[in-house]
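Here is the structure we will look at, set down as structure tokens.
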Amino acid sequence: MNRPPPPVWRSILYVPGNVPKFIDKAHERDADCVLVDLEDSVTPAEKPVARAMLPETMAKVVRGGADVAVRINRPMRLAIADLEAAVRPGLSALFITKTEGVQHLRLLDEAVSELERERGMPTGGVGFAAMIEHPRALAHLDDIAANAPRLIAMMLGGEDFALETGSIPGDETLELPKRLVAFAAQAHGVAMVGILGTVADYTDPAAYRKSAERARRFGFSGATCVHPGLVQALNDAFMPGAEEVAQARKLIAADEKAAAEGRGSFTVDGKMIDVPVIDRARRLLRRHDAIERRIKS
């Protein structure tokens, strides 16, 4: 199955699709991805306005080098109208709200493929980020991660999930479902987006960064934010640190030396090093290098 390459997104900044003052400044925020919202932050009466603005909106938010994505609505009639407006050259991804199964994404894939062909875009180039927002979807996570077309990322929509389960959104209530989504995504090489908590509180960047750093330790690759003041916290949290990079390079150099001497395992700084440790170091360096290329481009 062909999928677009995984995204290099540490920070994904939500921007309401009908508010020019936020749209006009989005390119200055240093987010890796600007997510133009057509869903919850836009009232039903304003959705046609936000759609009509999309061509200009997309052109504006990419001026700082960010990728542009669009969050679409779930009712199919609204979703089709969103796709007609959003699928155009320059679009990197669609965030698919209320994803509950592969068939839902296949139907959207069919529509997006038609639009790509009609508009002279590479077929299959627009990625899907599946947003899991109902407990019904938990039974289908592995199928979604393994078989959904265009899938490049998964995330738990914490506020909606908490609503559907009657729980209060927070670290304690959302950690388990977020980790279940993460395990499915990670099993199939799909990026996991989010923090291990709720994204609604944007008043404490230091706490947000701490939560994002914890998420990175669990294999999450980036997170969303609703306020530009949190972008730098996410960029810092999901960027491998200088000490981590130096240690990874040290381990790989030691591995190459050991291999030349015919040894499969060895010690560094008093710790036994074997294949999983080296693979982890190589993965960290690939991630670091991809982020560096993105920053420089």
Next item on the list: Before giving the answer on side-chain hydrogen bond (donor to acceptor under 3.5 Å, both in side chains), spell out for His188 and Asp142 the whole-Å C-alpha distance, their side-chain angles and the decisive distance to 0.1 Å.
Entry: CA-CA 8 Å; His188 298 283; Asp142 189 74; 2.8 Å; yes
Notebook entry, point to check: Side chains of Leu78 and Pro44: does their closest heavy-atom pair fall under 4.5 Å?
Noted result: no
Next item on the list: State, with a plain yes or no, whether a side-chain heavy atom of Asp67 is found less than 4.5 Å away from one of Arg294.
Entry: yes
Check: Does the side chain of Val277 reach to within under 4.5 Å of the side chain of Lys271, using non-hydrogen atoms?
Finding: no
Note to self: Can you tell me which residue among Asn73, Asp82, Asn18 is in a side chain to side chain donor-acceptor pair (under 3.5 Å) with Lys47?
What the structure shows: Asn73
Check: Where the side chain of Glu159 meets the backbone of Pro169, is there a donor-acceptor pair that is under 3.5 Å apart?
Finding: no
Next item on the list: Decide yes or no for Cys225 and Tyr208: does some side-chain heavy atom of the first lie under 4.5 Å from some side-chain heavy atom of the second?
Entry: yes
Checklist line | Student check: side-chain heavy atoms of Trp9 and Ser221 closer than 4.5 Å | finding: no
Next item on the list: With the side chain counted from C-beta on, respond yes when Thr165 and Thr173 share a heavy-atom pair under 4.5 Å apart, and no when they do not.
Entry: no
Item checked: Salt-bridge contact Lys210-Asp204 (side-chain N to carboxylate O under 4.0 Å) -> no
Note to self: Determine whether Leu13 and Phe22 satisfy the following criterion, side chain to side chain contact (heavy atoms under 4.5 Å, CB included), listing intermediate values before the conclusion.
What the structure shows: CA-CA 11 Å; Leu13 175 64; Phe22 295 137; over 6 Å; no
Next item on the list: Supply the atom-to-atom distance Lys178 NZ to Phe220 CZ, rounded to the nearest 0.5 angstrom.
Entry: 7.0 Å
Note to self: If you define the side chain from C-beta out and look only at heavy atoms, does anything of Ile23 sit under 4.5 Å from Met53?
What the structure shows: yes
Item checked: Arg286 CZ to Ile291 CD1 distance, which is reported to the nearest 0.5 Å -> 13.0 Å
Next item on the list: Please round to the nearest 0.5 Å and tell me the distance separating atom CZ of Phe238 and atom CD1 of Ile195.
Entry: 8.0 Å
Next item on the list: Without swapping roles, check the side chain of Asp32 against the backbone of Arg10 for a donor-acceptor pair under 3.5 Å.
Entry: yes
Margin query: If I compare all heavy atoms of Ala111 with all of Leu83, which pair ends up nearest, and what's the gap?
Written below: CB-CD1, 3.9 Å
Next item on the list: Kindly say whether Arg51 contributes a backbone atom to a donor-acceptor pair with the side chain of Glu84 at under 3.5 angstrom?
Entry: no
Notebook entry, point to check: Are Asp160 and Arg74 close enough for a salt bridge, meaning some N to O gap below 4.0 Å?
Noted result: no
Check: Short question: side chain of Arg63, backbone of Lys60 - any donor-acceptor pair under 3.5 Å?
Finding: yes
Notebook entry, point to check: Does a sphere of radius 6.0 Å around CD in Glu172 hold more than 12 heavy atoms from other residues, nucleotides or ligands, not counting ones at 6.0 Å or beyond?
Noted result: no
Checklist line | Side-chain donor or acceptor of Asp255 paired with backbone N/O of Ile278 under 3.5 Å | finding: no
Check: Could Arg214 and Glu175 be called an ion pair, given the rule that one side-chain N must be under 4.0 Å from one carboxylate O?
Finding: yes
